[in-house]
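The structure appears below as structure tokens.
Quick caveat: nothing in here was measured; it's all calculated off a predicted structure.
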Protein chains: 2
Amino acid sequence: MPLSFEGVLADRSTWRLDNCSIGRSMEAIGTRSSMLVLREAFYGTTRFDDFVRRTKIGDAIVAARLKDLTDIGLFTKQPYREPGKRTRYEYLLTEKGRDLFPAVFALMQWGNKHLQGEDGGPLRLVEQGTGEPVVIGARTASGRDVDLEDLAIVAHGDWAGPQSD
Amino acid sequence: MPLSFEGVLADRSTWRLDNCSIGRSMEAIGTRSSMLVLREAFYGTTRFDDFVRRTKIGDAIVAARLKDLTDIGLFTKQPYREPGKRTRYEYLLTEKGRDLFPAVFALMQWGNKHLQGEDGGPLRLVEQGTGEPVVIGARTASGRDVDLEDLAIVAHGDWAGPQSD
DNA sequence: CACCTGACTTGACTAAATAGTAGTCAGCCA
DNA sequence: TGGCTGACTACTATTTAGTCAAGTCAGGTG
């Protein structure tokens, strides 16, 4: 059995979650187009036409996504001006947006391993400078790797009591 | 600027991806219901009615998701038999399914930090036994933490040449 | 000042995900 | 053997995502 529950959560039959962070995250950013826009932003793209060209998503959807993601605080709009052009806006990741990088690259890592051919997909994450391969995974604050079997879930905050239904 | 590109990828204007692993992953599992079913599976749920009860998703959708996810190889169906009942099937995560745990818990971690109130959501990941907090993030093979600014992308496999359009 | 361009916006439509309800069907039990 | 239960399957409706084409509009250029 993967993963264990500790404390009041130990008996899985006595509680159920209705404000699950995974569900909320998926509601906020759980579409292909959101993820591709975020991918591009992590790749350094900031301008509308670059998002459109590099994601191959239509301009209407890119515009809608940038608006949504800006509304929920993943991007900020900064005015910029190219000589001889009028003022436009570029879309810069906020901390909230940047904090998504483990999620986005975990999907890339999984896709590389399981949805591509033998070669494992076109792109790899490495550390800048050293070129060492980079892996997205779980570890403790003190730096130990943790795999699924060694994970546990604990209740946190005021939501500490099980409630059944 | 977050993240850098190395080698042939250095000039972002000369290439574009059309077999991106992030896009493929989202096509395979990029729905709220898939993620919630996977969450439950990581929590140890294996049986149909438990998935239905614990996710609050309707039985029709759970059945569809379990079928999809089994078809693409994230679950296997194993027959089981309770005394006095007929044979049913339980849904067990395959390696391909288990490999998604960084992606799923990265979403949880992000949601805890950015989509919940002050308390940061109801559940926390810790290491079994020690109770140490667990974080999903990037690190090198040799165990060093890497953050976004120190990441780089390199081309891999036969897809090594830029192609523009 | 008419024209053009880039960055969106709008609208019409298709496709996919989700919700809710109503079957189906294998087999245990009376 | 006829009903009951649990695990699905099928159907309809609604909502959301995505495609495509056309329209808007600020402002710089000829």
When the distance from NZ of B:K85 to C1' of D:dA7 is rounded to whole Å, what number comes out? 11 Å

When you group the ILVMFWY residues by side-chain heavy-atom contacts below 4.5 Å and let the links chain together, are B:Y89 and B:I61 in the same group? no

Candidate list B:L100, B:V134, B:L125, test side chain to side chain contact (heavy atoms under 4.5 Å, CB included), partner B:F105, passing option: B:L125

Measure from the side chain of B:R65, starting at C-beta and using heavy atoms only, and say which of C:dA19, C:dA17, C:dC8 lies closest. C:dA17

Determine the contact category for B:G58: base if any of its heavy atoms lies under 4.0 Å from a base atom, sugar-phosphate if only primed atoms, P, OP1 or OP2 are that close, otherwise nothing. nothing

What's the CG-P distance between B:D59 and C:dT24, to the nearest Å? 16 Å

Between B:R86 and C:dC29, does any side-chain N or O lie under 4.0 Å from OP1 or OP2? no

Tell me whether B:E82 is salt-bridged to B:R47, with the criterion being a basic N under 4.0 Å from an acidic carboxylate O. yes

Would you mind classifying the nucleic acid contact of B:S33 as base, sugar-phosphate or nothing, using non-hydrogen atoms under 4.0 angstrom? sugar-phosphate

Atom-to-atom span, CD of B:E82 to C1' of D:dT5 - whole angstrom: 13 Å

Look at the side chain of B:I61 and decide which nucleotide, out of C:dC8, C:dA7, C:dT18, has an atom nearest to it. C:dT18

Any base atoms under 4.0 Å from B:K67, or only sugar-phosphate, or nothing? Heavy atoms, all strands. nothing

Nearest-Å distance for atom pair CD1/C1', residues A:I57 and D:dT19: 12 Å

Between CZ of B:F48 and P of C:dC25 the distance, given in whole Å, is 17 Å

Calculate the interatomic distance between B:Y80 atom OH and C:dG27 atom C1'; express it in whole Å. 14 Å

Take the protein atom OH of B:Y89 and the nucleotide atom C1' of C:dA26, then report the distance between them rounded to whole Å. 11 Å

Let me spell it out: for each of A:D68 and B:Y91, pick the nucleotide of DNA chain D with the closest heavy atom. Which residue's pick is nearer the 5' end? B:Y91

5'-most contact on DNA chain D: B:A60 or B:D49, nearest heavy atom basis? B:D49

Rounded to the Å, how far apart are A:L69 CG and C:dC8 P? 14 Å

Answer yes or no for B:R12 and B:F5: cation-pi contact, defined as NZ/CZ to six-membered ring centre under 6.0 Å and angle to ring axis within 45°. yes

Are A:L148 and A:I136 co-members of a hydrophobic cluster defined by side-chain heavy atoms under 4.5 Å apart? yes

Under 4.0 Å: is that the gap between some side-chain N or O of A:R32 and OP1 or OP2 of D:dT16? no

